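The structure appears right after this line, and notes come after that.
Keep in mind the model is a prediction, meaning the values are calculated, not measured. Below, read A as the first sequence line, B as the second, and so on, with proteins coming before strands; counting in each chain starts at 1.
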There are 2 protein chains.
Amino acid sequence: MSNVEATQAPVARRPGRRRDDSKDDAILAAARELLAERGYDGMTMDAVAERAGAGKATVYRRWASKVQLTVDAVVCGPGSPMSIGDVPDTGTLRGDLLSVRFGRKSSDQSELMAGLMSAVRENPEVAAVFQEQFVRSRVALMREILERAQARGELRADIDLDMVAAVAPAMISYRKMVAGQHVDDEFVVRMIDTVILPLATGA
Amino acid sequence: MSNVEATQAPVARRPGRRRDDSKDDAILAAARELLAERGYDGMTMDAVAERAGAGKATVYRRWASKVQLTVDAVVCGPGSPMSIGDVPDTGTLRGDLLSVRFGRKSSDQSELMAGLMSAVRENPEVAAVFQEQFVRSRVALMREILERAQARGELRADIDLDMVAAVAPAMISYRKMVAGQHVDDEFVVRMIDTVILPLATGA
DNA sequence: GGGTTCCGGAACTGCCCAGTTCTGTATTAG
DNA sequence: CTAATACAGAACTGGGCAGTTCCGGAACCC
């Protein structure tokens, strides 16, 4: 990313206008918005530049390609993977699950996720980032929450943690991306109460 | 589709070479294969024509656009929506679910489904067909199977049929399209035994 | 045969978009 | 001031693909 001067030369400041670093964020934000609104194909580089109030040359001076910009936009976005440390121990599985739902920072992560799908299919670099940001981290978080509940003795004895940890992410993604329905609080709470808890705790 | 002659004129057969109806199937099959292999964007009309052993003019003589061809390819495909009538009553929920899994005709429906996703996002006609073929019909089938089990007295009393009916389709779609993993028999059987049955029957 | 329709295949048009280059301007160092 | 760099915006290049048109040939009716 940044230039590393091999020698200890004092890096004499070059003349000329300095790069406006705030434009990096504007461009990344524009890319994320367009991914969420129009999907990968709809996120044209012209549209990104226009929304960021930048010229295309400025975008390409900072990212080598659309794929690289997409990867950075996803990785650097808000709503980065939550870890178990971010989930307060409420004392019950239900409380922990609700706090994950209502303790989120960003709202439209699922839109971004849906917009990335076509890029995931045909681009390994995007697929790898998607996998980490939207799949691995979420299932891992669910698994850790379930393990905490297991330590409390809340869970059924014969539970298959890997399977159960995938149920909530699967149902939320399915509703959003396949069924094309909105994922609101009502749905999530109902899912927790009628699917996750009965399955995990036996009611 | 076919011409309807308003008057009772005897529809004098026109001269000239007759249309080769077998080409319809070849074109639809080529479209389905390419959708499954390369997705909607990768299904170019040139590729469809070439694989079907046809000229592009022949394809466009029969379908007005890529969207129309896609819709027909999905609707006319094998593996059309299964109904409860196709599922033998095995006497147990587990048996019924397994017979759905192992009684299927086509194998790569999930590939086709994944290939359609990008078209679903940006085309209402494709979205409507997708919704009916891959979402409504599957959840409805699951719900009917659950209701049959309920009539047998196999289910928990407090079950939420709509929610539970969505779990299996959601987990299968998620594994295939989001997690990017293969959906094999081992996975489906494990899902049935560790998720669906515990959830529906209480174990 | 003669007229008509379909065929595969290839050439062609028109559009969109990633990526590049140019133009005129603004900002900085010396 | 001059030289160097960044900027927004517009023009441009090149490739891919949907959809169209044309060609020579084949199949069919009379």
Salt-bridge test for [X] and [Y]: reply yes if a basic N is under 4.0 Å from a carboxylate O, no otherwise.
| X | Y | result |
| --- | --- | --- |
| A:E50 | A:K56 | no |
| A:R62 | A:D72 | no |
| A:E147 | A:R143 | yes |

Query raised in the report: Between A:W63 and A:D24, is any pair of side-chain heavy atoms under 4.5 Å apart?
Result: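 In short, these two side chains touch, coming nearer than 4.5 Å.
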Query raised in the report: Any side-chain heavy atom of B:Y40 within less than 4.5 Å of one from B:M117?
Result: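 Heavy-atom side-chain distance check fails, nothing below 4.5 Å.
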If I take atom [atom1] in residue [X] and atom [atom2] in nucleotide [N], what distance separates them, rounded to the nearest angstrom?
| X | N | atom1 | atom2 | answer |
| --- | --- | --- | --- | --- |
| B:D21 | C:dC6 | CG | C1' | 12 Å |
| A:Y60 | D:dA10 | OH | P | 17 Å |
| B:R18 | D:dA26 | CZ | P | 18 Å |
| A:D20 | D:dC7 | CG | P | 6 Å |
| A:I27 | D:dC7 | CD1 | C1' | 11 Å |

Query raised in the report: To the side chain of A:P15, which of D:dA8, C:dT28, C:dG9 is closest?
Result: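 So the side chain of A:P15 is nearest to C:dT28.
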Query raised in the report: On a plain distance test, is the side chain of A:K66 in donor-acceptor contact with the base of C:dG19 below 3.5 Å?
Result: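 Looking at the base of C:dG19, it does not pair with any donor or acceptor on the side chain of A:K66 (distance under 3.5 Å).
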Query - Single hit among B:V135, B:V167, B:I172 for side chain to side chain contact (heavy atoms under 4.5 Å, CB included) with A:Y174 - result: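 Among B:V135, B:V167, B:I172, the one that satisfies the side chain to side chain contact (heavy atoms under 4.5 Å, CB included) with A:Y174 is B:V135.
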Query raised in the report: Quick one, which residues of residues 33-50 of chain B touch DNA chain D with a heavy atom under 4.0 Å?
Result: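 Those residues whose heavy atoms fall under 4.0 Å from DNA chain D, taken from residues 33-50 of chain B in numerical order, are B:M43, B:T44, B:M45.
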Query raised in the report: Nearest nucleotide by nearest heavy atom, which residue falls closer to the 5' end of DNA chain D, B:V67 or B:R61?
Result: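 The residue whose closest nucleotide sits nearer the 5' end is B:V67.
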Requested in this report: Using heavy atoms to find the nearest nucleotide of DNA chain C for B:G53 and B:R17 separately, return the residue whose nucleotide is more 5′.
Outcome: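 Nearest nucleotide further toward 5': that of B:R17.
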Query raised in the report: Is the shortest side-chain N/O distance from A:K23 to OP1 or OP2 of D:dA8 below 4.0 Å?
Result: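 Answer is yes, contact under 4.0 Å.
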Query raised in the report: B:R19 side chain N/O closer than 4.0 Å to the phosphate oxygens (OP1, OP2) of C:dT5?
Result: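 For C:dT5, OP1/OP2 do not have a side-chain N/O of B:R19 under 4.0 Å.
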